[in-house]
Amino acid sequence: GKFQLQENNINGTLPAAYGRYAMRSFVIYRTNVSGSIPQEYSAWRHTIQVFQLGDSKMSLSTVPDWLIGAPELTDLSLDRVGLSGTLDPR
C-alpha cells in the first residue's frame with residue numbers, strides 16, 4: 001500500500017489503525033498533521049520501502065526502532081522533524 005499526504009491543510013494525528021495495512025510507501029510532507037508515528041506502524045517493518053517525513057508539525061526525536069534495519073527500505077528522508085541524539089550504526 002501507499003500513504004501520501006503532501007502540501008495540504010489536513011489537521012490531526014495519524015490513526016494507529018493504519019498499522020494493519022502492509023505499507024510500502026509512507027510520505028508526509030508540508031502538512032499540518034501533528035503528533036508522532038504510532039507504534040502500531042511497526043507492523044510495516046518487513047514491507048516499507050519508502051519512508052519520507054518532512055516539513056510538518058510531526059515530532060520525531062529519534063528514528064523508530066522498527067525502521068532501523070527494515071530489510072526493504074530503500075528511501076529514507078527525515079527533513080526538519082526535530083531529530084536529536086546519535087545515529088545507530090545498524
Side-chain angles (χ1 to χ4, degrees):
K2 181 177 182 179
F3 183 84
Q4 185 169 333
L5 290 175
Q6 288 186 284
E7 299 185 32
N8 60 56
N9 290 317
I10 293 175
N11 294 307
T13 59
L14 294 171
Y18 289 179
R20 76 180 105 167
Y21 304 109
M23 291 292 176
R24 294 193 179 281
S25 179
F26 178 80
V27 178
I28 294 184
Y29 190 73
R30 291 186 180 169
T31 71
N32 290 325
V33 173
S34 60
S36 60
I37 303 295
Q39 181 58 37
E40 289 81 357
Y41 291 13
S42 64
W44 301 347
R45 185 183 192 296
H46 294 288
T47 59
I48 197 75
Q49 296 172 346
V50 175
F51 191 93
Q52 299 177 350
L53 180 60
D55 275 345
S56 72
K57 293 183 178 180
M58 295 193 68
S59 177
L60 189 66
S61 60
T62 61
V63 178
D65 288 341
W66 61 267
L67 194 55
I68 298 170
E72 301 297 320
L73 187 66
T74 59
D75 185 349
L76 174 64
S77 177
L78 302 171
D79 184 28
R80 299 181 204 173
V81 294
L83 286 174
S84 62
T86 59
L87 290 176
D88 189 314
R90 291 182 275 163

Do [X] and [Y] have side-chain heavy atoms sitting under 4.5 Å apart?
X     : Y     : value
Ser34 : Thr13 : yes
Gln49 : Ser25 : no
Thr31 : Ile10 : no

Could you state whether [X] and [Y] fall into the same hydrophobic cluster, counting links through intermediate Ile, Leu, Val, Met, Phe, Trp or Tyr residues with side-chain heavy atoms under 4.5 angstrom apart?
X     : Y     : answer
Trp44 : Leu76 : yes
Val33 : Tyr29 : no
Ile48 : Val27 : no

Calculate, to the nearest 0.5 Å, the distance between atoms [atom1] and [atom2] belonging to [X] and [Y] respectively.
X     : Y     : atom1 : atom2 : answer
Phe51 : Ile28 : CZ    : CD1   : 7.5 Å
His46 : Glu72 : NE2   : CD    : 10.0 Å
Leu67 : Ile37 : CG    : CD1   : 9.0 Å

Practice item. Please check if the side chain of Thr47 supplies one atom and the backbone of Met23 the other of a donor-acceptor pair under 3.5 Å. Key: yes
Review point. Between Arg45 and Ser42, is there a donor-acceptor pair closer than 3.5 Å when you use the side chain of the first and the backbone of the second?
Key: no
Practice item. From the options Tyr21, Tyr41, Phe26, select the one residue that forms a ring-ring contact (aromatic ring centres under 6.0 Å, His included) with Phe3. Key: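 Exactly one candidate clears the test, Phe26.
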Review point. For Ala43 and Gly19, which heavy atoms make the closest approach, and how far apart are they?
Key: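 Answer, listing the atom of Ala43 first, then Gly19: CB-O, 3.4 Å.
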Review point. Taking all non-hydrogen atoms of both residues, which atom of Pro38 and which atom of Ala16 are closest, and how far apart?
Key: CB-CA, 4.0 Å
